[in-house]
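The structure appears right after this line, and notes come after that.
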There are 2 protein chains.
Amino acid sequence: MVVAQGKRRRLSAQDWTTAALDALATGGLAGVAVEPLAVQLGATKGSFYWHFADRDALLVAALAQWEREHTDDVIALVETEPDVPARLRLLLSLGLGVFGDHPDGNGVELALLATARHPLVRPALARVSARRISYLAGLFVELGLAPVEAHRRGLLAYTAYLGHAQLVHATPELAPSGAALRRYVDEVTAMLTSGTEPLPNNGATAARDRRGRRGRPQP
Amino acid sequence: MVVAQGKRRRLSAQDWTTAALDALATGGLAGVAVEPLAVQLGATKGSFYWHFADRDALLVAALAQWEREHTDDVIALVETEPDVPARLRLLLSLGLGVFGDHPDGNGVELALLATARHPLVRPALARVSARRISYLAGLFVELGLAPVEAHRRGLLAYTAYLGHAQLVHATPELAPSGAALRRYVDEVTAMLTSGTEPLPNNGATAARDRRGRRGRPQP
DNA sequence: ACCAAACCATACGGTCCCGTACGGAGGTCA
DNA sequence: TGACCTCCGTACGGGACCGTATGGTTTGGT
């Protein structure tokens, strides 16, 4: 929350979109209101309506920035991991918040999900989701699954991610944390990769051998 | 959407809560507004403020009704299936919308999830989620898993359900439907029950009571 | 120093909603 | 039939926002 800093500097459009994303994470789409934002930035609406035509223009800018900064960056980060199973595991760890960056890390995403029907939000969300599911499916293809099967697993992985984020947001006391969360990630990873070639890459495939993971879906 | 019916009947509190749930599914929590509701019911605020102290009282009543009608009824319906694996499968089919009751069936739930931080919504949601996860975990215990392991699977099943609902709501074009959806349910069921005893037939294998078997077969 | 553009404050009208005050229409029962 | 309690319509004040109009204040180029 960037409150009015000492120097009453002049504001740029960027300042407004940053504040908008901040408000989005805090108060949802309805929280992105011009007048409160102006107060928070130590300015008035006069400033805002110089930089933007209206509230929608601000939303468009904020959404574009969010869409740019997320997804691509996360995928790029994950791509630095060469081992494919470990990559999936890393992705899940990031998504499920093993590194404790949940509370506000994806607050914007939750807010967007909450107002997914909004005409400006919907397309941005659709692009991001499609990209993510597609990337996940690709991961399972690399693990040796047929495309259709891989897509199903990608879907499951993504919905599990979405639902987990929802659970953490709505009822954090019901979501696992700490060691239980790491165990949970192990479990989910194992189930998602069940029936997959061991892929003799190099080590670092930690935590397999959950007792009898031997399942194979019907052919 | 129950618009003013011909007879200008007098309204009961129940009429208002029903309309509130309707508005909740349509326009979210913010859609539950007294004045629009009054217009929709062909009445005015004067009526509303006779039956309820304020808007919050309406929300409390609506949430209570929703909480009562869901969860318990769904679980009771599922309990009519004696075979445990089939029961899990039926539950997933219901949750993932195989029977095509998604579009508005759980619109209220999505709206509540969207505003999970609201002080009145939060506890209701927490109770429902806890009950569902607990029931799912019990199912996996009946399938022969240890309690901790069963709880993790229950969590995965529930988050997958939540995420799927979210996906259908936000970007239906990315969610499976028809035959692909049935296939997806197969897949998820298989993965969730992997590493489980085949359980040769026979419904009540584990005589684990679980707070008494309630019987209210009402399909 | 000067000027034009960029930037911003103030003030205003409009919309949508909440909640209160109060009085009038219906039923109900003596 | 008339007193009376239920239920509801009308009217009002207030708050939170959006967007516009208008004129003032910086700022950078010359």
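Salt-bridge formation is detected for the pair B:Arg153/A:Glu187: a Lys NZ or Arg NE/NH1/NH2 atom is positioned less than 4.0 Å from an Asp or Glu carboxylate oxygen. A salt bridge is defined here as a Lys NZ or Arg NE, NH1 or NH2 lying under 4.0 Å from an Asp or Glu carboxylate O, and B:Asp73 with B:Arg68 fails to meet this definition.
Summarising the geometry, the separation between CD on B:Glu35 and P on C:dT20 is reported as 13 Å, rounded to the nearest angstrom. Going from atom OH of A:Tyr49 over to atom C1' of D:dT22 covers 16 Å, rounded to whole Å. Remark: P of C:dG19 and CG of B:Leu37 are 13 Å apart, rounded to the nearest angstrom. In this structure, B:Phe52 atom CZ and D:dC7 atom P are separated by 12 Å, rounded to whole Å. Regarding A:Phe48, its CZ atom lies at a distance of 14 Å from the P atom of D:dC17, rounded to whole Å. A straight line from CZ of B:Arg10 to C1' of D:dC5 spans 10 Å, rounded to a whole angstrom. Summarising the geometry, the separation between CG on A:Leu11 and P on D:dT26 is reported as 14 Å, rounded to the nearest angstrom. Following rounding to the nearest Å, A:Trp50 (CH2) and D:dT25 (C1') show an atom-to-atom distance of 13 Å.
Nearest-nucleotide positions on DNA chain C place A:Gly46 closer to the 5' end than the other of B:Val34 and A:Gly46.
Shown here are the side chain to side chain donor-acceptor pair (under 3.5 Å) partners of B:Arg182, two or more places apart in sequence or in another chain: there are none. For A:Tyr135, the ring-ring contact (aromatic ring centres under 6.0 Å, His included) test picks out no residue, with sequence neighbours left out.
When distances run from any side-chain atom of B:Arg55 to the nucleotides D:dC17, C:dC17, C:dG19, the shortest one goes to C:dG19. Out of D:dT10, C:dC18, D:dC18, the shortest distance to the side chain of B:Thr44 is found at D:dT10. The nucleotide whose nearest atom lies closest to any side-chain atom of B:Lys45 is, among D:dG9, D:dA11, C:dC8, D:dA11. Distances were taken from every side-chain heavy atom of A:His51 (C-beta onward) to each of C:dC18, C:dC8, D:dG9; the shortest belongs to C:dC8. Considering only the side chain of B:Asp54, C:dG19 comes nearest among C:dC18, D:dG9, C:dG19.
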Report the C-alpha separation of B:Ser12 and B:Asp15 in whole Å, then their side-chain angles, then the decisive distance to 0.1 Å, and conclude whether the side-chain hydrogen bond (donor to acceptor under 3.5 Å, both in side chains) test is met.
CA-CA 5 Å; B:Ser12 66; B:Asp15 294 326; 3.2 Å; yes
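Here the CG-CZ distance, from B:Leu29 to B:Arg55, works out to 5.5 Å after rounding to the nearest 0.5 Å.
Between B:Phe48 and B:Trp16, a ring centre-to-centre spacing shorter than 6.0 Å is recorded.
Over its length, the helix from C:dA1-D:dT30 to C:dA30-D:dT1 turns its helix axis by 10°, as judged from the five terminal pairs at each end, rounded to 10°.
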